[in-house]
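Accompanying notes for the structure given below.
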Amino acid sequence: MYLVEVVLPLPLHQTFSYLSDRFILPGVRCIVPFRNSRLIGIVLNCELAEENLIKNSPFTYKEVEEVIDKEPIVPPKMFSFLEWVANYYLCALGLVYKIALPSGTFSLPKKRIFLTYQGKEALKKGDLPEVFSLIKTKGYEFKTFLRKAKLSSKELLKLKKQGLIEIQYYFPEVKIPTETFLRLKPNLSEEFIEKEEILRYVNRLKEVPEKVLKNLFSSKEVNKLIKKGFLERVEYLKMRKISMFMSVPEDYRLTSLQREVFFKIKERLDKGGFYPILLFGVTGSGKSLIYLEAIKEVLNQGKKVLVLVPEIVLTTYMEMLLLKHFKTDIAILHSGLSAGERFREWQRIVKGEVKIVVGARSAIFAPIEGLGLIVVDEEHDPSYKEENLSCKYNARDLALVRGNLENIPVILGSATPSIKTFYKAVEGKYELLVLKERPYTQLPEVRLIKHPGFKLITSSLKKAIDEELAKGKSVFLYLNRRGYAPLVRCEDCHHLWGCPNCGIPLTYHKEEDSLLCHYCGFELNKTLVCPVCKGTNLKFYRAGTERVEEELRKIFPEVEIIRLDRDSINTERKFLKIMEKIYQPIPKIIVGTQMGVHGHNFPEVSLVGVLRAEEGLFIPSYKAAERSFHLLTQAAGRAGRKTERGKVFFQTSLEEHYVIKYALTQDYESFYKEEIALRKAFLFPPFVRLAVIRIEGIKEEIVKQGSIKAKEFLEKIVEEEGLEGVWVIGPSPCPFRKLKGFYRWHILIKSESHKKINQILQIFLGRFMFKGLKINHDIDPEDLL
DNA sequence: AGCACGCCGACT
DNA sequence: GTCGGCGTGCTC
């Protein structure tokens with residue numbers, strides 16, 4: 001007998017062992033009995049076990065019921081990586097597998113029941129009841145058959161043991177949205193093509209969507225050509241459409257500085273081994289060209305590449321870029337794919353059909369074998385941190401871990417590196433490669449406009465916009481706040497509208513004519529009457545992008561105004577439509593939130609105006625300055641690419657603030673110097689490691705009591721374990737004291753040693769309980785909100 | 001997680 | 001007497 005070790009998708013810190021009479025390949029899924037039901041597990045280990053070893057074990061092992069896959073769906077080489085993740089983030093191994101693998105991996109397949117040859121014979125002889133003729137040919141869905149035949153599943157399993165019936169597992173097929181293109185079959189002669197109009201047309205365009213061709217000519221004629229074998233169908237994912245609006249660099253030659261940087265990377269790639277590199281390059285310095293060269297090198301070595309990008313839309317851009325330069329198979333992995341697409345991409349990767357994988361954070365778990373390089377683009381982006389799942393991992397950090405385990409270089413790229421990464425580079429832990437020059441553009445002309453806050457667009461900014469529009473250029477205005485107005489007040493009694501679930505002020509959205517909570521989605525859209533004094537004298541305070549858009553339409557009635565935020569781009573169709581508009585070569589003003597600064601290159605934008613540059617600096621988080629700096633610098637970086645020198649205007653009431661000062665001139669090093677000094681003085685990362693315990697409940701008093709108890713418990717652990725250099729801070733209410741109806745308190749743990757933090761947390765999570773409270777933890781939190 | 005087992009309160 | 005509340009503990 002074989003003893004099979006299996007991980008199950010449960011929040012348990014253990015694996016389970018089962019018996020099997022046959023060897024099962026590690027990495028393969030199987031169905032196992034668990035309690036009084038069954039679960040899908042993944043085989044981690046399978047070895048022959050002696051009879052008496054099984055007998056003398058403290059467990060009575062159950063048997064593996066069914067093996068699902070023929071080939072592993074997780075390469076066994078990845079086991080140690082996933083185990084590392086579980087240990088580091090203190091998350092049950094089974095849950096790590098659950099988040100790493102495509103959804104549906106652990107959902108029980110449907111069963112279909114068939115008659116075997118013996119079964120058919122038995123039916124002929126009359127040894128089986130007549131209902132079984134139903135499953136003679138095509139089989140039947142298991143449960144439906146049970147009902148029809150009025151049999152219990154036990155009775156059927158008995159028949160299965162006798163070999164009369166057979167049960168097959170199948171996963172309900174999921175449709176993958178594709179589009180069919182038509183192209184010429186190879187080896188058609190030129191003269192032949194010339195004779196037929198449709199073929200000539202296809203020949204000119206190489207690939208034409210079937211629908212378009214049928215509309216242009218006739219369905220009948222096109223079908224005839226397909227039938228005769230002159231045209232063939234090719235299927236593409238629907239997403240390919242986006243490519244039409246995105247321009248990616250085509251032919252390029254590296255500048256001498258770029259070549260120098262690339263040679264340093266090449267040296268590393270040739271040598272092999274784990275090697276983290278920070279590629280620090282300002283916007284427009286050609287980071288993607290360096291990626292391309294490095295990827296080319298790795299592919300030449302016969303190895304594979306994983307490219308992480310922070311956002312789903314950027315995967316499309318990256319895919320286009322890579323497709324343009326490499327004629328190789330690329331897989332895309334991100335949470336926006338349907339279950340079917342994701343599963344298919346996963347299978348392609350496992351089977352080794354793919355050389356490059358591009359994806360958002362979850363792609364760090366891509367089942368690639370033979371990795372030669374990991375690239376993390378826009379390394380500083382907070383989206384690399386998973387916030388919602390049980391395992392709050394950071395894909396950028398995990399890229400380094402995986403790189404270490406696979407013994408390969410990891411390139412972290414950014415124009416504004418995270419403080420943590422830059423610190424490591426300065427300390428010599430990562431190699432720092434700098435791309436300072438912008439081969440196509442000069443640094444923009446910059447200006448600070450002191451702005452007390454009541455006028456949305458100052459006259460100097462208006463004048464500058466006028467000038468650019470007159471030159472036929474476009475303008476980008478950045479304001480990191482969506483909606484119309486973030487505050488609504490009753491002027492009679494000064495009542496301020498807040499969210500009943502979160503207590504945070506509601507934002508007025510004019511398009512929807514409703515008050516929205518940006519944290520829980522609460523919506524108030526009845527006619528607005530003050531709930532306190534019944535007054536209707538409401539006033540909207542401050543501004544979001546919607547209000548800026550309205551204001552601009554008043555000031556510039558003739559000009560095209562485009563708004564880019566989560567409300568205007570909530571579907572792929574809207575995104576495409578807006579992108580199409582942006583790429584039209586007419587002067588326009590684009591108003592956008594951070595959504596608009598993420599990586600999109602707007603053509604012909606020569607002026608960037610930042611409204612309320614101080615917005616975001618007051619968020620009570622140790623990363624507020626860093627994040628603000630990233631966003632402001634990136635907004636500023638949108639100005640004047642490739643064409644003439646751009647202009648950047650910051651409107652702010654806080655012009656002396658170091659973040660604003662250095663973001664305006666895109667001076668990362670000066671910002672870093674100030675920020676790192678603050679981090680050191682107040683003991684925040686990268687000088688300490690951080691973990692936060694968050695305690696949530698319906699009644700604040702109970703949450704408070706529980707938090708105090710938790711703190712006492714933590715201090716006891718610190719004392720009992722004799723740990724030094726560990727600070728347990730709090731408890732205190734979270735900055736957002738109430739969210740989605742739950743009151744929230746937190747306790748912060750700081751230490752220079754991650755090991756010590758984990759030691760405490762592990763004991764705490766295993767033993768501490770408080771009725772009525774949800775307790776979760778976040779290691780290396782991005783946010784303390 | 002999810003479910004069974006178990007020990008105390010308010011009901012036909 | 002019992003129905004059911006959710007605290008506790010286990011799952012190969």
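In what follows, chains are A, B, ... by sequence order, proteins preceding strands, each numbered from 1. FYI, side chains are in, hydrogens and waters are out, and symmetry mates aren't considered; it's all heavy atoms of this structure. Everything quoted here is computed from the prediction, not taken from an experiment.
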> To the nearest Å, how far apart are A/Phe34 CZ and B/dA4 P?
Replying inline: 13 Å
> Salt-bridged, A/Glu379 to A/Arg396, with N to O below 4.0 Å?
Replying inline: yes
> Heavy atoms under 4.0 Å, any strand shown: does A/Glu5 hit a base, just sugar-phosphate, or nothing?
Replying inline: nothing
>> Without decimals, in angstroms, what is the distance between A/Tyr61 OH and C/dT11 P?
In response: 12 Å
> With a distance cut-off below 6.0 Å to the six-membered ring centre and an angular limit of 45° from the axis, does A/Lys716 pair with A/Phe713 as a cation-pi contact?
Replying inline: yes
> Contact class for A/Tyr18 (heavy atom, under 4.0 Å): base, sugar-phosphate, or nothing?
Replying inline: sugar-phosphate
> Rounded to the Å, how far apart are A/Arg35 CZ and B/dC3 C1'?
Replying inline: 6 Å
>> Rounding to an integer number of Å, can you tell me how far A/Phe59 CZ sits from C/dC10 C1'?
In response: 11 Å
> Between A/Asp778 and A/Tyr89, is any side-chain donor less than 3.5 angstrom from a side-chain acceptor?
Replying inline: no
> Reckon A/Pro33 touches a base, only the sugar-phosphate, or nothing at all at heavy-atom distances under 4.0 Å?
Replying inline: sugar-phosphate
> Can you check the A/Glu63 CD to C/dC12 P distance for me, whole Å?
Replying inline: 14 Å
> For A/Lys774 and B/dA1, what is the distance between atoms NZ and C1' respectively, to the nearest whole Å?
Replying inline: 15 Å
>> Mind checking if A/Leu8 touches a base, just sugar-phosphate, or nothing, with heavy atoms under 4.0 Å?
In response: nothing
> Within the structure shown, what part of the strands sits under 4.0 Å from A/Thr60 by heavy-atom distance: base, sugar-phosphate, or nothing?
Replying inline: sugar-phosphate
> B/dA1 C1' sits how many Å from A/His13 NE2, rounded?
Replying inline: 12 Å
> Over how many whole Å does the gap from A/Leu53 atom CG to C/dC12 atom P extend?
Replying inline: 18 Å
>> Under 6.0 Å from the ring centre and within 45 degrees of the ring axis: does the NZ or CZ of A/Arg402 meet both conditions for the six-membered ring of A/Phe81?
In response: yes
